[in-house]
Amino acid sequence: MSVTIFTMTHKKFPAPGDPVYVPLQVGRARAEDLGYIGDDTGVSISEKNCYYGELTGVYWVWKNIKTSEYVGICHYRRYFCTEEGRILTEKEYEEILSEYDMIASKKLKLNYTYYDGYASDYNIHDLDAVGEVIRRDYPAYWETFERLVHGKGTYFGNMCVCRKPLYDAYCEWLFGIFEKAEERIDASGYDDYHKRVYGFISEFLLYVWTQVQGLKVYECKVGMTDEKRETAEVKARLADYFARKDIAGAKEYMLTCLEKRPDVLMEASDITGELKLAMQVIAVCELEKQVYGSSTIDRIQDFLELTTHFRRLNDLIQEYKEGEMQMSPPEVEFYFKNEHITDIAVEASARLFYTPEEAKKIAAALK
């Protein structure tokens with residue numbers, strides 16, 4: 001079995017030592033040559049990289065690679081890995097693919113529908129335009145698209161591994177849709193982040209395609225070799241605001257970040273979940289200050305300690321929802337009292353798992 005995993009990159013990076021991973025520079029038609037194989041040779045759409053992101057590399061593999069029995073896509077710091085976090089080897093790919101049609105990322109479990117999430121962060125017209133192309137020209141996929149777009153799951157990262165003929169069939173479908181969608185979408189006025197319309201939507205479309213095709217998919221853990229520089233910078237800035245007990249400043253900074261990079265809170269970026277927890281810290285502390293005159297930030301200013309504090313509370317609420325609480329009622333009461341957990345903090349955690357009305361009842365029951 002011949003397996004080649006193309007590692008999409010737009011910058012120099014320390015490549016894995018396993019030769020199964022082959023670096024592929026995307027968008028090289030309009031960038032400095034990094035010395036890797038580029039997506040601007042042969043049949044190429046490299047010049048569309050600002051709109052397609054890593055998909056220009058996906059397209060290049062489709063049109064130009066003929067010798068590998070199995071092909072796959074990963075990213076320069078994001079790889080398929082074992083549950084322990086070790087990057088998969090060629091032998092492990094072979095073992096998995098002997099039983100499954102495709103390897104894809106584990107599905108993201110969203111707290112909102114994919115459609116609502118897209119509408120919140122991007123121009124919903126673009127997703128609607130893609131949906132209309134599917135409805136009109138790919139009717140066999142329409143019912144599944146419509147059902148899943150209003151569901152709460154999606155693959156992410158444009159990562160997959162499968163037989164080359166299956167990969168080719170997916171690409172023919174995907175790029176056929178986007179070629180028609182380009183007639184309906186004008187992203188030329190978007191900022192550099194939001195321009196990557198087709199890259200964003202394709203993550204979801206892989207989910208749609210595998211469902212319609214009835215593929216046996218191995219949903220694999222995705223690990224990162226290092227945290228995104230942008231994510232680390234956001235954490236460092238928030239840590240500084242928290243150290244100064246400046247919740248208003250932290251809120252303003254975070255809202256600015258979200259406006260520029262709405263994906264910063266996605267699992268693929270916020271791999272530890274600490275930025276989501278930081279948003280929870282900000283919301284709870286702001287309301288606590290208004291109601292009580294003081295807040296959690298007056299007792300705890302360390303970023304890690306704050307996020308750990310709220311993570312523990314969230315875990316407790318989740319255990320309550322699943323009927324698997326490890327603490328008895330007296331222990332819960334002692335925990336809330338000892339950790340100075342307010343009604344506001346409990347209700348905020350409960351809203352992660354319950355409707356607002358239910359959350360109020362849960363907060364009252366637990367407190």
**Q** Answer yes or no: is there a side-chain heavy-atom contact under 4.5 Å between V22 and I5?
**A**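 No, too far: nothing below the 4.5 Å cut-off.
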
**Q** Charged N to carboxylate O below 4.0 Å: is that the case for E132 and R135?
**A**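 Answer for the salt bridge query: yes.
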
**Q** Is the side chain of Y354 donor-acceptor paired with the backbone N or O of K360 at a distance under 3.5 Å, no angle test?
**A**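 Not confirmed, Y354 side chain does not pair with K360 backbone.
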
**Q** May I have the step-by-step check of side chain to side chain contact (heavy atoms under 4.5 Å, CB included) for Y36 and T9, ending in yes or no?
**A** CA-CA 9 Å; Y36 302 131; T9 187; 3.8 Å; yes

**Q** Do the side chains of L127 and Y115 get nearer than 4.5 Å, heavy atoms only?
**A**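 They are in contact (side-chain heavy atoms under 4.5 Å apart), so the answer is yes.
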
**Q** Has the side chain of S68 got a donor or acceptor atom that lies under 3.5 Å from a matching backbone atom of V71?
**A**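 Not confirmed, S68 side chain does not pair with V71 backbone.
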
**Q** Counting only heavy atoms not in E172 (residues, nucleotides, ligands), do more than 12 fall under 6.0 Å from its CD?
**A**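 Atom CD in E172 is not crowded, with 12 or fewer foreign heavy atoms closer than 6.0 Å.
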
**Q** Rounded to the nearest 0.5 Å, how far does CD1 of I297 lie from CZ of R244?
**A**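 R244 atom CZ to I297 atom CD1 measures 11.0 Å (nearest 0.5 Å).
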
**Q** Examine distances only and state if a side-chain atom of S46 and a backbone atom of R28 form a donor-acceptor pair shorter than 3.5 Å.
**A**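 Checked: pair present.
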
**Q** With a 6.0 Å cut-off (strictly less than), is the heavy-atom count around OH of Y335, excluding the residue itself, greater than 12?
**A**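 Counting other residues, nucleotides and ligands, OH of Y335 exceeds 12 neighbours.
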
**Q** Take the angle between the ring planes of F145 and F204 and call it parallel below 30°, perpendicular above 60°, tilted in between.
**A**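 F145 and F204: perpendicular rings.
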
**Q** Kindly state whether the ring of Y79 and the ring of Y21 have centres lying under 6.0 angstrom apart.
**A**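 Yes: the rings meet the under 6.0 Å criterion.
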
**Q** Flag this pair as yes if the NZ/CZ of K221 is under 6.0 angstrom from the six-membered ring centre of F80 and inside a 45 degree cone about the axis; otherwise no.
**A**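 No.
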
**Q** Is the shortest heavy-atom distance from the side chain of I317 to the side chain of V346 under 4.5 Å?
**A**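 With C-beta onward as the side chain, the pair touches.
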
**Q** Could you state the interatomic distance from NZ (K195) to SG (C50), rounded to the nearest 0.5 Å?
**A**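 Going from the NZ atom of K195 to the SG atom of C50 covers 5.0 Å.
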
**Q** Just so I know, are the side chains of Y198 and I185 near enough to count as touching, which here means a heavy-atom distance under 4.5 Å?
**A**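 SC-SC contact between Y198 and I185 confirmed.
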
**Q** If we count only N and O atoms by modelled type, under 3.5 Å, do the side chains of E259 and T256 hold a donor and an acceptor together?
**A**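 Their side chains do not contain a donor-acceptor pair, so the 3.5 Å distance test is not met.
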
**Q** Drop me the distance from W173's CH2 to I134's CD1, to the nearest 0.5 angstrom.
**A**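 Taking CH2 in W173 and CD1 in I134, the distance rounds to 5.0 Å.
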
**Q** Would the distance check show the side chain of R299 and the main-chain N or O of E339 forming a donor-acceptor pair, the cut-off being under 3.5 Å?
**A**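 Pair found, side chain donor or acceptor close to backbone of E339.
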
**Q** Do the ring planes of Y193 and F200 sit parallel (below 30°), tilted (30 to 60°) or perpendicular (above 60°)?
**A**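 Ring orientation, 0 to 90° scale: tilted.
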
**Q** If you round to the nearest 0.5 Å, how far is OG of S105 from CZ of R78?
**A**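 Interatomic distance, R78 CZ to S105 OG, rounded to 0.5 Å: 9.5 Å.
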
**Q** Can you tell me how far the OG1 atom of T308 sits from the CG atom of L304, to the nearest 0.5 Å?
**A**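 So the gap between those two atoms works out to 4.0 Å.
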
**Q** Is the NZ or CZ atom of K216 both under 6.0 Å from the centre of the six-membered ring of Y100 and within 45° of that ring's axis?
**A**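 Ring-cation test returns yes.
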
**Q** If you measure from CD1 on I87 to OG1 on T82, what distance do you get to the nearest 0.5 Å?
**A**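 Here the rounded value is 9.5 Å.
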
**Q** If you apply the rule side chain to side chain contact (heavy atoms under 4.5 Å, CB included), what do you find for T296 with V281, and how did you get there?
**A** CA-CA 8 Å; T296 305; V281 170; over 6 Å; no

**Q** Run the side chain to side chain contact (heavy atoms under 4.5 Å, CB included) test on H309 and E305 for me, step by step, so that the C-alpha distance in whole Å, both residues' side-chain angles and the decisive distance to 0.1 Å come before the verdict.
**A** CA-CA 6 Å; H309 174 82; E305 191 176 350; 5.7 Å; no

**Q** Which word best sums up how the rings of W60 and F6 line up, parallel for under 30°, tilted for 30 to 60°, or perpendicular for over 60°?
**A**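 Ring orientation, 0 to 90° scale: perpendicular.
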
**Q** Does T307 reach the main-chain N or O of F303 with its side chain, forming a donor-acceptor pair under 3.5 Å?
**A**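 A pair under 3.5 Å: yes.
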
**Q** Taking atom types as modelled, find out whether D128 and H125 have a side-chain donor-acceptor pair closer than 3.5 angstrom.
**A**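 No, because no side-chain N or O of D128 sits under 3.5 Å from a partner of the opposite role on H125.
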
**Q** Hey, mind stepping through I177 and V130 against side chain to side chain contact (heavy atoms under 4.5 Å, CB included) and telling me if it holds?
**A** CA-CA 7 Å; I177 291 171; V130 168; 3.9 Å; yes

**Q** Hydrophobic cluster membership, with links at side-chain heavy-atom distances under 4.5 Å among I/L/V/M/F/W/Y: are L255 and V284 in one?
**A**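 No: no chain of side-chain contacts under 4.5 Å links L255 to V284.
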
**Q** Can you confirm whether or not the ring centre of Y52 sits under 6.0 Å from the ring centre of Y59?
**A**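 When the ring centroids of Y52 and Y59 are compared, they turn out to be at least 6.0 Å apart.
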
**Q** Determine whether T89 and E92 satisfy the following criterion, side-chain hydrogen bond (donor to acceptor under 3.5 Å, both in side chains), listing intermediate values before the conclusion.
**A** CA-CA 5 Å; T89 65; E92 287 166 325; 3.3 Å; yes

**Q** Would you say the side chain of Y218 lies within less than 4.5 Å of the side chain of M102, judging by non-hydrogen atoms?
**A**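 No, every pair of side-chain atoms sits at 4.5 Å or beyond.
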
**Q** Could you go through E358 and K361, starting from their C-alpha distance and side-chain angles, then the distance that decides it, and tell me whether this counts as salt bridge (Lys or Arg N to Asp or Glu O under 4.0 Å)?
**A** CA-CA 5 Å; E358 291 173 332; K361 295 178 182 178; over 6 Å; no

**Q** Evaluate the criterion salt bridge (Lys or Arg N to Asp or Glu O under 4.0 Å) for residue pair E143 and R147; output intermediate values, then yes/no.
**A** CA-CA 6 Å; E143 185 278 330; R147 174 171 54 84; 3.6 Å; yes

**Q** Please report, to 0.1 Å, the donor-acceptor pairs under 3.5 Å made by any side chain of residues 155-166, with sequence neighbours excluded.
**A**
from	atom 1	to	atom 2	distance (Å)
Y155	OH	E219	OE2	3.2
N158	OD1	S202	OG	2.7
N158	OD1	E203	N	3.4
N158	ND2	E54	OE2	2.7
N158	ND2	G199	O	3.1
N158	ND2	S202	OG	3.1
R163	NE	Y70	OH	3.2
R163	NH1	E69	OE2	2.9
R163	NH2	Y70	OH	3.1
K164	NZ	W62	O	3.2
K164	NZ	I65	O	2.9
K164	NZ	D168	OD1	2.7
K164	NZ	D168	OD2	3.2

**Q** Is there a path of hydrophobic side-chain contacts, each under 4.5 Å between heavy atoms, that joins Y112 and L148?
**A**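 Same hydrophobic cluster.
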
**Q** For the CD atom on E319, are there more than 12 heavy atoms of other groups (residues, nucleotides or ligands in this structure) within a distance under 6.0 Å?
**A**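 Correct, the count exceeds 12.
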
**Q** A quick test of your reading: do over 12 heavy atoms of other residues, nucleotides or ligands sit less than 6.0 Å from CD of Q290?
**A**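 Yes, CD of Q290 has more than 12 neighbouring heavy atoms, counting only those of other groups under 6.0 Å.
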
**Q** Anything under 30° is parallel, anything over 60° is perpendicular, the rest tilted; go ahead and classify Y118 against Y122.
**A**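 Plane angle between 30° and 60°, so tilted.
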
**Q** Would you say the side chain of E274 lies within less than 4.5 Å of the side chain of R311, judging by non-hydrogen atoms?
**A**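 A side-chain contact exists here, since the closest heavy-atom pair is under 4.5 Å.
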
**Q** Please evaluate residues D39 and S44 with respect to the criterion side-chain hydrogen bond (donor to acceptor under 3.5 Å, both in side chains), reporting the C-alpha separation (whole Å), side-chain torsions for both, the decisive distance (0.1 Å), and the verdict.
**A** CA-CA 6 Å; D39 68 351; S44 164; 5.1 Å; no

**Q** For the pair Q25 (side chain) and D40 (backbone), establish whether a donor and an acceptor sit closer than 3.5 Å, ignoring hydrogens and angles.
**A**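 Not confirmed, Q25 side chain does not pair with D40 backbone.
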
**Q** Working note: T144 + Q211, criterion side-chain hydrogen bond (donor to acceptor under 3.5 Å, both in side chains); need CA distance, chi angles, decisive distance, verdict.
**A** CA-CA 8 Å; T144 302; Q211 294 298 299; over 6 Å; no

**Q** Decide yes or no for V43 and N64: does some side-chain heavy atom of the first lie under 4.5 Å from some side-chain heavy atom of the second?
**A**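 Contact flag for V43/N64 side chains = yes.
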
**Q** Using the rule given for side-chain hydrogen bond (donor to acceptor under 3.5 Å, both in side chains), can you reason through D298 versus Y292, listing the C-alpha separation, both sets of side-chain angles and the distance that settles it, and then say yes or no?
**A** CA-CA 12 Å; D298 293 315; Y292 304 124; over 6 Å; no

**Q** Quick one: does any side-chain atom of Q280 pair with a main-chain N or O of K276 as donor and acceptor, under 3.5 Å?
**A**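 No; judged by distance alone, with no hydrogens or angles, the pair does not exist.
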
**Q** Would you say the side chain of T7 lies within less than 4.5 Å of the side chain of L24, judging by non-hydrogen atoms?
**A**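 Not touching, per the 4.5 Å side-chain cut-off.
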
